[in-house]
Amino acid sequence: MKQHSEKPREGQWINIDEMSLALNVPDNPIVGYIEGDGVGSDIWAASRPVFDAVVEKAYAGARKLCWWKIHAGEQSFKEFGSYFPEESFEAIRKCVIAIKGPLTTPVGGGFRSLNVTLRQKLDLYACVRPVKYISGTPSPMIRPEDVDMVVFRENTEDVYAGIEWKSGSNEAIKIISFLEAEMGVKLPSDAGVGLKPMSPTATKRLVRMAIKYALDNKRKRVTLVHKGNIMKYTEGAFRDWGYDLARSEFGDVVIFEDDLSNKYHGEVPDGKILVNDRIADAMFQQALLRPREYDVLAMPNLNGDYMSDALAAQVGGLGMAPGANIGDECAVFEATHGSAPKYAGLDKVNPGSMLLSGSMMLCRIGWHEAADLIEKGLAETIRSGVVTYDLARLLPGSKEVSCSGFGRAIIEMIQKN
């Protein structure tokens, strides 16, 4: 069997401080990449030159990303006989920071989802999705510029734990019989059954990361989004555990909604963060009607799945939505859309999601100047009317370019400005 790629000949490893979990990043870090399936190779080919260009522009050759190819997905299966070789998980742990394109879960391949497998195997417990409008992007909203939120979605529990049994299976029948005999719960005998686990451990580490993010990025609000009015011991407990964590670990900097009205006249004071909560269905309405009142959202997995995609639609869709899966030991940044196999190899799709995920990645390693160049170059290119087909059909008078052409246009914009 063919062996996994060897370590790059140049570059140094990123290390993590065991006590603070802070990253120690050399000037030439080894960064892993997974091209992905379908359009993955197209958007990676367009994005990698942009990443290299912004680092060169920002640091004049003093810093450099040293790329390390990591195998996963359909091409990995062809070369290694595995959709996600164990060596690939080890490679991500080794390089600490990686970026990936979309992966297609094989039918009958033994995986519920390659992406879920990645998150659970590496304990990437926080799915982080910033949603912010880029001027010039077509949107169905009247004021899409009001949307500027960051979703922290718990990645390891809730329905995505994947604990379920098929209708009529021996396992489902046993569970139904047990519930009726031991707990007095009556279910249809032919029901499929699933479990929805939530724990204080997983909840608190997610909320901790969300509050730390708010502090580090001068955000004013962290909102816990849940369905605790119905599911009191899972979603309701998520809310309660989140408040407990805020009080016990951040009591000197957090305030709550009663404080806001009774002590601070409705304004969050400098140096403080408001921690509040909203019922999930009400939050969807708030996101449409009053988006400026929300900064950071922390929520269980399924709520976060719905909410992050709905917010992305408000600012132009998944093609412009970055994302990351972050744990204490490593982080994987990703294009948030699917593999779109019908467009594979056509050099057509919008690489914006991959590009903005790369900006998140650069921020993660502390290279904020390079990250800013990606966002500014992308925005200026769109405002100039140079866009891929998905945006061109919604922008009369724009110039449609290919996926790689869009990447080149961004590089030209960065170098010019």
Side-chain angles (χ1 to χ4, degrees), residues 102 112-113 115-120 122-132 147-163 194 196-214 219 221-231 234-243 245-246 275-288 291 294-315 317-318 320-327 331-338 353 356-357 360:
R112 186 174 297 271
S113 162
N115 288 318
V116 172
T117 299
L118 173 68
R119 296 163 186 169
Q120 294 183 344
L122 297 175
D123 199 24
L124 305 175
Y125 59 84
C127 180
V128 183
R129 296 273 298 272
V131 186
K132 183 177 181 179
V147 178
D148 185 3
M149 302 181 213
V150 183
V151 175
F152 281 75
R153 168 192 173 198
E154 206 288 319
N155 247 350
T156 65
E157 296 190 322
D158 198 5
V159 296
Y160 268 56
I163 305 172
K196 179 187 174 75
M198 290 191 188
S199 70
T201 299
T203 297
K204 288 182 178 182
R205 66 181 183 175
L206 177 83
V207 175
R208 180 183 298 113
M209 186 182 288
I211 293 176
K212 284 183 176 179
Y213 177 91
R219 297 276 185 157
R221 298 171 178 83
V222 175
T223 303
L224 310 173
V225 183
H226 59 90
K227 193 62 178 171
N229 56 327
I230 302 299
M231 306 199 75
T234 51
E235 305 249 350
F238 177 93
R239 172 202 59 209
D240 295 341
W241 294 327
Y243 277 129
L245 181 282
V275 176
N276 60 3
D277 73 277
R278 295 291 181 267
I279 302 296
D281 46 334
M283 185 63 224
F284 275 96
Q285 183 171 217
Q286 294 285 294
L288 290 168
Y294 298 91
D295 280 335
V296 177
L297 310 178
M299 61 192 77
N301 191 288
L302 189 59
N303 293 337
D305 195 7
Y306 297 149
M307 184 65 67
S308 55
D309 280 15
L311 287 172
Q314 292 180 226
V315 299
L318 288 178
M320 300 298 292
N325 298 288
I326 302 174
V332 178
F333 299 80
E334 64 179 354
T336 58
H337 53 74
S353 180
L356 291 170
S357 297
M360 288 181 69

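- Side-chain contact between V147 and K132: absent, with no pair of heavy atoms (C-beta onward) separated by less than 4.5 Å.
- Residues A287 and L311 approach most closely at CB-CD2, 3.8 Å, considering heavy atoms.
- Residues L318 and A312 come closest through the heavy atom pair CD2-CB, 4.0 Å.
- Atom CZ in F284 sits 7.0 Å away from atom CG in N303 (nearest 0.5 Å).
- Scanning for side-chain hydrogen bond (donor to acceptor under 3.5 Å, both in side chains) contacts around Y213 gives an empty result, with sequence neighbours left out.
- Partners of R239 under the salt bridge (charged side-chain N to carboxylate O under 4.0 Å, His left out) rule, at least two apart in sequence or in another chain, do not exist in this structure.
- One distance of note links CG of D281 with CD of Q286; it measures 11.0 Å at 0.5 Å rounding.
- A distance-only check finds a donor-acceptor pair linking the side chain of T336 to the backbone of A321 [under 3.5 Å].
- Remark: D309 engages R129 in a salt bridge (charged side-chain N to carboxylate O under 4.0 Å, His left out) (not counting sequence neighbours).
- Here the straight-line distance linking atom CG of L302 with atom CD of E154 works out to 12.0 Å at 0.5 Å rounding.
- Atom CZ of R208 sits about 10.0 Å away from atom CG of L206, to the nearest 0.5 Å.
- Under the side chain to side chain contact (heavy atoms under 4.5 Å, CB included) criterion, T234 pairs with K196, M198, M231, not counting sequence neighbours.
- Contact detail for L356 and M320: the closest heavy-atom pair is CD1-O, 3.4 Å.
- Every residue meeting the salt bridge (charged side-chain N to carboxylate O under 4.0 Å, His left out) condition with R219, not counting sequence neighbours, appears here in chain and number order: D148, D295.
- I326 contributes atom CD1, which lies 5.5 Å from atom CE of M360 (distance to the nearest 0.5 angstrom).
- Residues passing the ring-ring contact (aromatic ring centres under 6.0 Å, His included) test with Y243 are F256, sequence neighbours excluded.
- Residues forming a side-chain hydrogen bond (donor to acceptor under 3.5 Å, both in side chains) with Q285 (at least two apart in sequence, or on another chain): none.
- Checked against side chain to side chain contact (heavy atoms under 4.5 Å, CB included), L288 has the following partners two or more places apart in sequence or in another chain: M141, Q314.
- Of the inter-residue distances, the one linking R221 atom CZ with L297 atom CG reads 11.5 Å to the nearest 0.5 angstrom.
- When all heavy atoms are compared, the tightest approach of A202 to E157 is CB-OE1, 3.2 Å.
- Residues passing the side-chain hydrogen bond (donor to acceptor under 3.5 Å, both in side chains) test with R119 are N325, E334, sequence neighbours excluded.
- The side-chain hydrogen bond (donor to acceptor under 3.5 Å, both in side chains) test applied to H226 returns D277, not counting sequence neighbours.
- Between F152 and V296 the shortest side-chain heavy-atom distance falls below 4.5 Å.
- Between P130 and P322 the shortest heavy-atom distance is O-CD, 3.6 Å.
- The nearest pair of heavy atoms linking V222 to A210 is CG2-O, 4.2 Å.
- Remark: T201 engages S199 in a side chain to side chain contact (heavy atoms under 4.5 Å, CB included) (not counting sequence neighbours).
- Residues passing the side chain to side chain contact (heavy atoms under 4.5 Å, CB included) test with N301 are R153, N155, D158, Y160, sequence neighbours excluded.
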